2 protein chains.
Amino acid sequence: MIVTNTENQELTIENKIDKVFDMEHCEGILCPIKDILAHLGDKWSIFTILALGQNKVARFNELKKQVNGISQRMLTVTLRSLEENGLVSRQIYPEIPPRVEYALTSLGHSLLGQMLQLAEWATSHRDEIEEARQNFKEKKLVF
Amino acid sequence: MIVTNTENQELTIENKIDKVFDMEHCEGILCPIKDILAHLGDKWSIFTILALGQNKVARFNELKKQVNGISQRMLTVTLRSLEENGLVSRQIYPEIPPRVEYALTSLGHSLLGQMLQLAEWATSHRDEIEEARQNFKEKKLVF
DNA sequence: CGGTATCCCGTGTGATACTG
DNA sequence: CAGTATCACACGGGATACCG
C-alpha cells in the first residue's frame, strides 16, 4: 500500500518555514539566515563554488577561465568573500612567480552539495519555466 | 557495519558538476541554469517564496508585512518575476476595493522545498561561518 | 602570476507621489 | 487596496593601469 503522506509533509514544511521566519525576524546583521542567504545568492559565488568543485585545488587564472565571463576584480572579491565565510581556503606559496591555490573547505563542500541540488532542480524544471514564460508573454500581448 | 561510501559520493558529485558545466557553457540567454540560478539567487525572491509558503494564499499587503524590509516597488517587481517564471499565481478579483491573491504554483512549491533545504543548511552551519569570520578578522589584524 | 587601485557607468532599489 | 510612475542615488561590477 502506498501512503501519500501529503499532510505529514505539509506539516513538516510549515514547521520549517516557521523556524526560518523566527530567525528572520531578528535585526540586521544579527540575522544569520538573511545574511547567509544574501551571500550565497550571489551568482558569482555560486559559479565559483561549482568551479572549485570540479578541481580539488585551483589557481586564480584557472578559475577565471572556468567561471565564464567573470572579471578579475569580481573573482578576487568573490574569493575573498568565500574565504571570509570559511567556504574556501587560500594557500599561498611564496615562490617566483607566485602561486596561490584555492580549494573548498569541508564547509564549502557541504554547501556545494546544496548548490548541486539547486542546479539539478533548475535543470529538471527548465521546460516548465520556459513554458510559463511563453504564457506570460502571450498574456501581456492580449492586454 | 557502516560503509562510508565517500568515493561513490565523490563520483556522483563530480558527475553532477560536469553536467552543470556542460549546460553552463552554452551562450548567454540560452543557458538555462545560469539564467534560472541568477533569478533564484535574488534575496527578495527567496524571502517572498518563503512567505508564500507560510500562507496558502496571501494578498499584497500581507506579503509586504511578512517580508521584512521589502519596499512596495520591489515586492511588485519580485512578484511579477516569480509569476513570469511560473512559480507564483496571481488571481485578481474585480471588486472594490480590489483584491489580488497570490499563491505558490506547484512548481513554486517544489522550489520552496529547495529553499528550505538551503535555509536549513544556513541555520545548521551558522556557527562555523561565524567562527570563520572571526578568524578572518584576526588574520587581517595580524598583517 | 596574482593580485590591488582607480575610475566610471548602468541599473537595482528606496522614497515619494499619484491612480483605478 | 494594489498597484504604476517618476526621480534620485548608491553600489555592483567592468575596464584599465599599475605593483610585488
Side-chain angles (χ1 to χ4, degrees), chain A residues 27-29 34-35 37-49 51-52 55 57-85 88-103 136 139-140 143, chain B residues 27-29 34-35 37-48 51-52 55 57-85 88-103 136 139-140 142-143:
Chain A
E27 294 298 320
I29 321 167
K34 208 166 193 161
D35 176 49
L37 283 186
H39 273 268
L40 309 189
D42 176 44
K43 84 174 177 183
W44 291 132
S45 296
I46 294 179
F47 292 127
T48 304
I49 290 174
L52 278 169
N55 321 22
V57 300
R59 302 178 61 172
F60 190 87
N61 282 327
E62 289 171 8
L63 284 174
K64 191 161 177 299
K65 276 172 206 154
Q66 276 182 69
V67 181
N68 214 319
I70 196 171
S71 67
Q72 189 173 38
R73 192 182 115 86
M74 285 320 294
L75 183 54
T76 303
V77 171
T78 303
L79 283 171
R80 286 294 177 283
S81 161
L82 293 176
E83 189 195 356
E84 178 170 359
N85 289 281
V88 162
S89 67
R90 181 162 177 263
Q91 179 72 261
I92 310 175
Y93 299 89
E95 309 167 351
I96 292 181
R99 182 159 56 102
V100 180
E101 287 183 348
Y102 294 92
F136 192 78
K139 222 192 276 178
K140 278 182 72 176
F143 292 100
Chain B
E27 294 297 321
I29 322 169
K34 207 166 194 161
D35 177 48
L37 283 185
H39 271 270
L40 308 188
D42 176 43
K43 83 173 179 183
W44 292 132
S45 297
I46 295 177
F47 292 127
T48 304
L52 278 168
N55 320 23
V57 299
R59 302 178 60 173
F60 191 87
N61 281 328
E62 289 172 6
L63 285 173
K64 190 160 179 298
K65 277 172 206 156
Q66 275 182 70
V67 182
N68 215 321
I70 195 171
S71 69
Q72 189 174 36
R73 193 181 118 85
M74 286 319 295
L75 182 54
T76 302
V77 171
T78 303
L79 283 171
R80 287 292 178 284
S81 161
L82 293 176
E83 189 195 356
E84 177 171 1
N85 290 281
V88 161
S89 67
R90 183 162 176 262
Q91 180 70 261
I92 309 176
Y93 298 89
E95 308 169 352
I96 294 183
R99 182 159 56 104
V100 179
E101 287 183 348
Y102 294 93
F136 192 78
K139 224 191 276 175
K140 279 183 70 176
V142 173
F143 292 101

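Quick caveat: nothing in here was measured; it's all calculated off a predicted structure. The sequence lines fix the lettering, A, B, ..., with proteins before strands; numbering per chain opens at 1.
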Donor-acceptor contact present, side-chain B:Thr48 to main-chain B:Trp44, <3.5 Å: yes
Whole-Å gap separating P (C:dG20) and CD1 (B:Ile96): 12 Å
Test: B:Glu101 and B:Arg99 ion pair at under 4.0 Å: yes
A:Arg90: side-chain contact (heavy atoms from CB on, under 4.5 Å) partners, not counting sequence neighbours: A:Arg80, A:Glu83, A:Ile92, A:Val100, A:Tyr102
Contact pattern, 5' to 3', of nucleotides 2-18 of chain D - B, S or - by protein heavy atom under 4.0 Å: SBB-B------BBB---
Integer-rounded Å distance: C:dC1 C1' and A:Leu63 CG: 14 Å
Minimum side-chain heavy-atom gap B:Leu63-B:Leu79 below 4.5 Å: yes
B:Phe60 vs B:Thr76 side-chain heavy atoms within contact, under 4.5 Å: yes
